[in-house]
2 protein chains.
Amino acid sequence: MLKLSKKSEYALMAARYMAIKNHGTAVTAKEIADQHQISFELVAKVLQSLTRNDITVSFQGVKGGYTLKKNPLEISLIDLIRSVEPDFQITNCLKTDTNKNECSHSDCCKIKDPLAEVQKKIDKVFYETKLAHII
Amino acid sequence: MLKLSKKSEYALMAARYMAIKNHGTAVTAKEIADQHQISFELVAKVLQSLTRNDITVSFQGVKGGYTLKKNPLEISLIDLIRSVEPDFQITNCLKTDTNKNECSHSDCCKIKDPLAEVQKKIDKVFYETKLAHII
DNA sequence: ATAAATAAGACTAAATTAGTCTGGTATAAA
DNA sequence: TTTATACCAGACTAATTTAGTCTTATTTAT
């Protein structure tokens, strides 16, 4: 249905929140969950993904939390989304350098090559839209 | 995950097939299913949707089938996809004229308005890509 | 009449996504 | 140095969505 997952939405919401609360102090997963009234555990996992993908920095222990690692103008939506949704593509069978053509209806479907072009354009939209733009 | 559904893929595949086999004769759902080795029933339903949405014309009875109603250059991917997937949007809570703001985390999420811009760009990509381009 | 085709919708199965739970580690502060 | 707070990681379950099947009806060329 070409819909973003909750994880992606939460990633955007969390990142936006951190970008706005740009005091020196780190933001906790709990604070984000409370402010947005969403599942703490899920946001927590999303934030962990963001950290693994170098979007955020985490601080453990009391007074711990998360801060953005880069400027909101330098964080693309595609970075945020790919962090929580590694295989972000409109159809499975797009040829890439790594993934060589594993389409279920292999060479008979013929729509995958043209769709790769569409994918590029979609990626461009999400690449060019920065966190700063959704604030 | 922002992936097209099989129904959308099948709609593209079927439309492409009809565009290529541009003889006067109608193409049957069975032929499309066989050629692409995909579920007959599903393609059949997809073709019915396309017909309801004025993409194709159907002919019932023996020697029946489907033909495209318009020129492949005048059929947008978004028409094809929306035929089988009426609520084609990256997130549920985008404000539109009809659907007034039914976001689960209502006005606290704040990402929906900016995402509406992203949605417009995505729509543009799928609008500007015509059936003729994926042949 | 009959066989081949579309039409429509109910139903089931499979896959994906969302959300929960558990146990662990790090660390500031009492 | 204990304790409370917060991150980390992965297994697990529940809910939702998507994919696919089945059934019945209608149309129409031969």
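Per chain, numbering begins at 1; letters A, B, ... match sequence-line order.
The separation between B:E9 atom CD and D:dT18 atom P is 13 Å, rounded to whole Å. Rounded to an integer number of Å, the gap from B:E41 CD to D:dT24 C1' is 14 Å. Atom P of nucleotide D:dA19 and atom CZ of B:F40 are separated by 19 Å, given to the nearest angstrom. When rounded to the nearest whole Å, the span between CD of B:Q89 and C1' of D:dT17 equals 16 Å. At whole-Å resolution of the value, CG in A:D34 and C1' in D:dA6 are 14 Å apart. If you take NZ of B:K6 and P of D:dT18, they are 13 Å apart, rounded to a whole angstrom. Here D:dT17 presents its C1' atom at 15 Å from CG of A:L2, a figure rounded to the nearest Å. Remark: P of D:dT21 and CD1 of B:I38 are 12 Å apart, rounded to the nearest angstrom.
Side-chain atoms of B:V46 and B:I32, non-hydrogen and from C-beta on, never get closer than 4.5 Å to each other. Residues A:Q48 and A:R52 form a side-chain contact, since some pair of their non-hydrogen atoms from C-beta on lies under 4.5 Å apart.
For the salt bridge (Lys or Arg N to Asp or Glu O under 4.0 Å) test, residues two or more places apart in sequence or in another chain that qualify with A:K69 are A:D54. Under the side-chain hydrogen bond (donor to acceptor under 3.5 Å, both in side chains) criterion, B:E85 pairs with B:S5, B:S8, sequence neighbours left out. With sequence neighbours left out, the side-chain hydrogen bond (donor to acceptor under 3.5 Å, both in side chains) criterion links B:K120 to no other residue. Every residue two or more places apart in sequence or in another chain that forms a salt bridge (Lys or Arg N to Asp or Glu O under 4.0 Å) with B:E128 is listed here: B:K124. The ring-ring contact (aromatic ring centres under 6.0 Å, His included) search around B:F126 returns B:F88, not counting sequence neighbours.
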Restricting both atoms to N or O, compile the protein contacts to nucleotides 27-30 of chain D shorter than 3.5 Å, with distance only.
from   : atom 1 : to    : atom 2 : distance (Å)
D:dT27 : O4'    : B:Q60 : OE1    : 2.6
D:dT27 : O2     : B:G61 : N      : 3.2

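Contacts between chain A and DNA chain C, taken as any atom within less than 4.0 angstrom of a protein heavy atom, begin and end at C:dA18 to C:dA29.
For A:S58 and D:dC8, the shortest distance from a side-chain N or O to OP1 or OP2 is below 4.0 Å. One finds no side-chain N or O of A:T28 lying less than 4.0 angstrom from the OP1 or OP2 phosphate oxygen of D:dT5. Distances shorter than 4.0 Å separate none of the side-chain N or O atoms of B:Y10 from OP1 or OP2 on D:dT18.
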Trace of the side-chain contact (heavy atoms from CB on, under 4.5 Å) decision for B:I122 with A:L2 | CA-CA 10 Å; B:I122 306 263; A:L2 218 79; 4.3 Å; yes

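If you check residues 45-55 of chain B against DNA chain C, the residues with a heavy atom closer than 4.0 Å are B:K45, B:Q48, B:R52, listed by number.
The hydrophobic side chain of A:F40 is isolated, with no ILVMFWY side chain under 4.5 Å apart from it. Here A:F59 sits in one hydrophobic cluster together with A:V57; the rule is ILVMFWY side chains under 4.5 Å apart, joined directly or through other members. Residue B:V62 is found outside any hydrophobic cluster, as its side-chain heavy atoms come under 4.5 Å of no other Ile, Leu, Val, Met, Phe, Trp or Tyr.
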Distance-only donor-acceptor hits, side chain of residues 73-81 of chain B, under 3.5 Å, sequence neighbours excluded:
from  : atom 1 : to     : atom 2 : distance (Å)
B:S76 : OG     : B:Y127 : O      : 2.7
B:S76 : OG     : B:K130 : NZ     : 2.9
B:D79 : OD2    : B:S76  : N      : 3.2

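Both B:A44 and A:E85 lie near DNA chain C, and the one whose nearest nucleotide falls closer to the 5' end is B:A44.
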